[in-house]
Amino acid sequence: MKAAVMGYGTVGRGVCEILTEKNGSLSAKCAGREITLGRVLDIRDLSDTPVKAVWTTQFEEIVNDPEIGVVVETMGGTHPAFEFCMRSLQAGKSVVTSNKQLVAEKGEALFAAARENNVGFRFGAAVCGGIPVIRTMFYGLAANEILSFSGILNGTTNFILTKMIKEKTSFAAALREAQEKGYAERDPAADIEGTDACRKTAILASAAFGTHIPAEEIHTEGITAITSEDVSYAAGVGSKIKLLGRAKRLENGKIYALVSPAIVPDTELISGVEGVYNALCIHGDKVGDILLYGQGAGREATASAVTADVLDCVRNPGFDETYSWKNREEGRLIPYEDMTLRLYVRGYASDVKTAVSGIRETFDGAVLLERENAPENEIAFFTGAAKERDLRENISALRCFAAASVIRVEE
Ligand code: HSE
């Protein structure tokens with residue numbers, strides 16, 4: 001069987017390299033069925049690259065080639081990626097993509113087309129780069145009800161936070177380095193504002209709970225408001241700030257999902273996940289907690305996941321119902337503010353004594369925090385546990401105090 005790769009960017013190039021270099025060993029893993037690189041689609045000039053012999057700028061040369069059985073989409077974005085994937089599925093070709101935006105936004109339509117044409121549609125590389133999180137949820141944990149997951153799903157932001165915490169690098173310099181290393185999205189706002197982690201959370205929640213969870217329904221906050229003051233207060237209580245994507249199935253069947261920075265105690269394994277590495281903790285009703293860890297971005301790691309999906313399509317070219325979810329159900333997500341949690345709050349007091357006594361009176365179990373060289377009017381504290389909506393109302397109502405930063409505490 002031949003594979004076509006659409007998009008010769010960071011990931012596409014990695015897939016071409018693996019398919020070419022490992023050709024023999026990959027075929028051996030498909031019961032001897034050969035898998036070769038048939039076409040590479042890109043509007044850029046590839047005449048000076050190792051794939052020049054199979055380069056095309058015409059999608060028609062892929063969709064009309066009967067020898068091509070698997071189409072790999074590593075273009076990014078939804079147009080024309082969606083149209084090309086749909087036409088490939090309709091032409092009886094399996095599709096493998098690393099494109100989380102495509103899966104998060106168009107998953108329902110792509111599953112329907114794959115099901116109708118009895119071909120594969122796989123996207124293991126769309127979440128956590130090289131870590132096999134999707135296949136773990138669909139296959140490895142098949143005996144479980146997945147009750148919750150929580151993870152570091154974006155390598156760029158974890159790389160930036162690690163550089164800021166360990167090397168005191170500025171936000172801008174750390175982001176530039178992430179871009180140079182090929183970790184960041186084409187528009188890095190998607191990384192730092194949490195959109196990328198939100199799409200991944202939506203895909204994971206859909207896989208975990210079996211129903212399409214739209215990314216736009218998940219409340220999302222990025223890392224752009226994190227300051228060195230917050231990093232210091234977190235360090236003072238043996239914790240780090242991480243951007244987390246998490247979701248939970250409640251006893252009444254409703255789903256809670258959220259993407260935001262969180263203060264994570266160093267006693268949690270996830271707190272030690274540094275640089276471009278991602279980690280996902282999944283809680284299943286039978287298996288308990290499992291933790292998956294590895295490189296969440298980068299050419300070879302992501303291409304590794306794409307290639308594994310290509311091999312699945314060679315071995316099992318038909319549609320796999322286990323590797324899918326049902327269409328969106330109205331009212332499955334609860335408002336994020338209904339969840340009970342603790343908040344970290346940092347702000348400034350016009351009258352410190354009044355503000356502190358207000359904090360103590362208002363928040364049962366409040367803990368005041370300290371850091372070196374804090375201005376006299378700066379106050380930071382943890383609230384006790386209560387509904388997020390109530391906590392936020394109470395923070396706004398504090399006398400002589402204006403909050404500058406509010407971060408959730410991961411328990
Ligand atoms: N920009 C993404 C990240 C790439 O940094 O995690 C991998 O999805």
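Atoms within a ligand are numbered from 1 in the order they appear, just like the ligands themselves. This chain uses plain numbering: 1 for the first residue, then up along the sequence.
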- Query: Considering only heavy atoms, which protein residues lie less than 4.0 Å from any atom of ligand 1?
  - Reply: K100, N154, G155, T156, Y183, A184, E185, D191, D196, K200, G296, A297
- Item | Exam field: side chain W55 to backbone D42, donor-acceptor pair closer than 3.5 Å | yes
- Output yes when a side-chain donor or acceptor of T302 lies under 3.5 Å from a complementary backbone atom of R299, and no otherwise. no
- Should we say atom CD of E376 is surrounded by more than 12 heavy atoms from elsewhere, each under 6.0 Å from it? no
- Item | Lys/Arg-Asp/Glu bridge criterion (N-O < 4.0 Å) met for K166, E274 | yes
- Task: Please lay out, stage by stage, how M6 and R39 fare under the test side-chain contact (heavy atoms from CB on, under 4.5 Å).
- Result: CA-CA 8 Å; M6 305 192 295; R39 280 279 171 209; over 6 Å; no
- If you look only at pairs with a residue in residues 219-231, which of them pass as a side-chain hydrogen bond (donor to acceptor under 3.5 Å, both in side chains), with sequence neighbours excluded? H219-E221, E221-R408, T227-E229, T227-D230, T227-R346, D230-Y344, D230-R346, D230-S405
